[in-house]
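Comments concern the structure below.
Naming: A, B, ... by sequence-line order, numbering from 1 per chain.
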Amino acid sequence: MAASAVQAAQTAAVTTKSIAKSLLRDPSSIHSRCQAQQLHAQLLKGYSFPYTASSILAIYSRLCLPDDSFRAFSFIPSPSPSSWTSIISCSAAAGLFSHVLFLFQRMRSTGAPPNHKLLPNVLKACAALRSSKLGESLHACAISFGLDSDLFTGNALMNLYCKLGGFQNDLNRSEEMLSRDFGGGCASKIGILERNISRLSAGASPMDNVRKLFEEMPERDVVSWNTVIGGDVENGLYVEALRMVMEMISVGLRPDSFTLSTVIPIFAELGNVSKGKEIHGYTIRNGLDREVFIGSSLIDMYAKCTLVEYSYRVMGFLPNPDAVAWNSIIAASVQNGQFDEGLRLFREMLAVKLKPMAVTFSCLMPACAHLTTLHLGKQLHSYVIRGGFDGNVFVQSALVDMYAKCGNICVARRIFDAMPSVDMVGWTSMIMGYALHGPAYEALNLFRSMEMENGKPNYVAFVAVLTACSHAGLVDEAQKFFDRMTKDYGITPCLEHYAAVADVLGRAGKVEEAYDFISKMHIKPTSSVWSILLGACRVYKNAELAEKVAKKIFELEPSEIAPHLIMSNIYSASGKWKEAADMRMLMRKKGLKKQPACSWIEIKNKVHGFVAHDVSHPCYGNITEAWEALKDQMKREGYVPNTEDVLHDVEEEQKIANLCGHSERLAIVFGIISTPPGTTIRVTKNIRVCVDCHTAIKFISKIVGREIIVRDFNRFHHFKDNGCSCGDFW
DNA sequence: ATAGGGTTAG
């Protein structure tokens, strides 16, 4: 028995050996890491043939297995050119770019020359790392070895310079770096180098350099053209990019799906849908419209041009939409305000077994933020954590924004504090969060920290900090920030900045000043800016100025509802019932209908919506019963109804009854009777909270001992203990 | 061997 076992083992060994031998002769037959490792083990055992680390390295690197490749490589005392090529290609394919540069430097230090197979990979790594200095040295290296005339090297060089776009390239320093970084260096080589590189001007646009390289290439392929076109697009040279496409066609090359997916985003950016449709037509005629790369950029283009229905159609024609196509269609719907559709598409994406990516969540999160559905936001957050996407800075910023918008500013802050590096979007989301919730000093402090840590705030950051000032009524600070924005940072104010300053002036009662400020804007004020002032006129009962402002609004937007309502309200408040009636008549003549006010609340992951005097809710009986009890208690505590905001020309008693039926009160009372004592109540309302409800909710918060958070059309109110975070300023 | 699509704050 023992003898036969030995024999069997020997036969097995012979068989394995012969398999190993044949595998080495034809390494392309190895398709998995497991097979490669078994072969490696056989080689290490060193049967009858010599162990060749370089052949196993070639196999590992072809399978793109960097760890195994590194191990095999480390056993090669003096690597051959092909071994260097293997290990560097494998590192490049695995995205280990700094390793590529490190290995290349080591290779050069042994005196081994670069070759045309290797250099494109090194250039790719350099482009990925945006290393301008090394890039120039590599360029010098390519020239000194005569590799710059190689098609692939030339393409990779052009790509490198496109990626370095924004960098200051001082090409005259290359000589020094040639010898220092990559061991070039003899006099004749440097002569060639100088002659070649001096023709690339240091001060010119980076794309000019790319174009020179392009023109000097002895041969060009579609990739060469696509690279220059891509560089033009990346550097905002849209006209030039499109001219290149035409020229490419005129020399007899056909734009491929790379070319088209590079230029389609131009029309998204410019919002030029008719040109975009032309390109779409071209893709259909050439059978390219079913490719995912084309499809994704078309979906995005139509969405950015607000033709989201076209996006859906493009998606519908894709035979095999990949995760990116799904991301695009989700982004398309969310960007166009179709939040429920975005969420539905996400579920559909999961249902077809595609794995979501970090981008998926940064596209989708704003849907929860806009819908104020905290429970959905939390579900997505847990998905983010389980999927390991919580390290992505886009996702983190989107989460900060979502939690802030869904009313949970504390969690937003916790996520913000945990961010290892905060970009401008992260800072701005957090600042905007505080602006919406009330603690303006937190917003202002964060803005200062951001200036210290992140340098230059952009215009959105100023929108956020000005919003914080306006919500807190900080007139002087707002004006200071506005001045600093224009003077210190050279940012041209846009509509939102003007709106915020006009708002803060108006709220502070400086309505005439606000009028002057708006009149002096360097862009034409829109009806929305004037409407802000109109609102202030109503609060400060300045009917005269209100009429002047309303006239401007009606000229700009004759069919906007809000100014009609406000004017009617102003007239009612000053007892001008006839004017008020005329205004409402005018609205009827124009066919304008008031948007119904509604409020909603989430109870046990279900959303309950209420409109004013809503009797449709199954718990209506309980709600009125609880409200009556609450009302008595409120009266005892000193609550007096304020009917100033009630529009209708009716008796005082009826006005009070109207107030009591306001949708937010129904939602709050329903929240109180449906949750355990002490639970925070979160209600969302589609329009501004009225003065009386604001007072009433303060009383309610004290009586029931709960925090009540109401999100209205433009901010959050945290009611607690008879006070509100907005400081009665909203 | 070289190139490409979708993302967050208002």
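Taking 4.0 angstrom as the limit, A:Lys124 places none of its side-chain polar atoms (N or O) nearer than this to OP1 or OP2 of B:dG4. Note on A:Lys405: every side-chain N or O is 4.0 Å or more away from OP1 and OP2 of B:dT8. Close to B:dG4, at under 4.0 Å from its OP1 or OP2, lies no side-chain N or O of A:Asn226.
For the side-chain contact (heavy atoms from CB on, under 4.5 Å) with A:Ile266, the lone residue among A:Asp232, A:Val233, A:Ile229 that qualifies is A:Val233. Test A:Ser89, A:Pro66, A:Ser69, A:Ser91 against A:Ser61 for side-chain contact (heavy atoms from CB on, under 4.5 Å) and you get one pass: A:Ser69.
For A:Val324, counting side-chain heavy atoms from C-beta on, the closest listed nucleotide (B:dT7, B:dA3, B:dG5) is B:dG5. For A:Ser257, counting side-chain heavy atoms from C-beta on, the closest listed nucleotide (B:dT7, B:dG4, B:dT8) is B:dG4. Candidate nucleotides B:dA9, B:dT7, B:dG4 were compared by shortest atom distance to the side chain of A:Pro366, and B:dA9 ranks first. For A:Pro265, counting side-chain heavy atoms from C-beta on, the closest listed nucleotide (B:dG5, B:dA1, B:dA9) is B:dG5. The side chain of A:Val425 sits closest to B:dA9 out of B:dG5, B:dA1, B:dA9. Side-chain proximity of A:Cys363 to B:dT7, B:dT8, B:dA9: nearest is B:dT7. With B:dG5, B:dA1, B:dT8 as the choices, the nucleotide that has an atom nearest any side-chain atom of A:Asp322 turns out to be B:dG5. Across B:dG4, B:dA9, B:dT2, the shortest atom-to-atom separation from the side chain of A:Thr262 is found for B:dG4.
Distance, A:Asn159 CG to B:dG4 P: 6 Å, rounded to whole Å. Here B:dG4 presents its P atom at 12 Å from CE of A:Met158, a figure rounded to the nearest Å. Distance A:Asp390 CG to B:dT8 P: 19 Å, rounded to the nearest Å. Residue A:Leu364 contributes atom CG, which lies 12 Å from atom C1' of B:dT8 at whole-angstrom precision. With rounding to whole Å, A:Asn320 atom CG is found 21 Å from B:dG5 atom P. Atom CD in A:Glu269 sits roughly 11 Å away from atom P in B:dT7 (whole-Å rounding). Atom OH of A:Tyr302 and atom P of B:dG5 are 19 Å apart (whole Å). If you measure from atom CG of A:Asn121 to atom P of B:dA3, you get 9 Å, rounded to the nearest angstrom.
Contacts of A:Val395 with the nucleic acid, taken as non-hydrogen atoms under 4.0 Å apart, are absent. Base engagement by A:Val223 is indicated by at least one non-hydrogen atom pair under 4.0 Å involving a base atom. Among the atoms of the strands shown, base atoms are found under 4.0 Å from some heavy atom of A:Thr428. Within the nucleic acid shown, A:Ser89 has no heavy atom closer than 4.0 Å to any nucleic acid atom. Within the 4.0 angstrom heavy-atom criterion, no nucleotide atom of any strand lies near A:Asn392. Among the heavy atoms of the strands, none lies under 4.0 Å from A:Met365. Nucleic acid contact for A:Glu291: none, since no nucleic acid atom lies under 4.0 Å from a heavy atom of the residue.
Ring geometry, A:Phe258 versus A:Phe293: the interplanar angle falls under 30°, so the pair is classed parallel (tilted spans 30 to 60°).
Counting distance only, with no hydrogens placed and no angle test, the side-chain atoms of A:Ser362 and the base atoms of B:dT7 include a donor-acceptor pair under 3.5 Å. Between the side chain of A:Asn458 and the base of B:dA9, at least one donor-acceptor pair of N or O atoms lies under 3.5 Å. Within 3.5 Å, a donor on the side chain of A:Ser296 pairs with an acceptor on the base of B:dG5, or the reverse.
Note that A:Arg386 lies in the cation-pi zone of A:Tyr383, set by a 6.0 Å cut-off to the ring centre and a 45° limit from the axis. Relative to the six-membered ring of A:Phe317, A:Arg290 misses at least one condition, a distance below 6.0 Å or an angle of at most 45° to the axis.
Taking a centre distance below 5.5 Å and an interplanar angle below 30 degrees as the stacking criterion, A:Trp427 does not stack against the six-membered base ring of B:dA9. In this structure, A:Phe394 forms an aromatic stack with the base of B:dT7, since both conditions hold: centre separation below 5.5 Å and plane angle below 30°.
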- prompt: Yes or no on salt bridge (charged side-chain N to carboxylate O under 4.0 Å, His left out) for A:Arg448 and A:Glu451, after CA distance, side-chain angles and deciding distance?
  reply: CA-CA 5 Å; A:Arg448 285 182 202 111; A:Glu451 275 184 298; over 6 Å; no
message: Using the rule given for side-chain contact (heavy atoms from CB on, under 4.5 Å), can you reason through A:Tyr161 versus A:Leu157, listing the C-alpha separation, both sets of side-chain angles and the distance that settles it, and then say yes or no?
response: CA-CA 6 Å; A:Tyr161 280 111; A:Leu157 265 173; 4.3 Å; yes
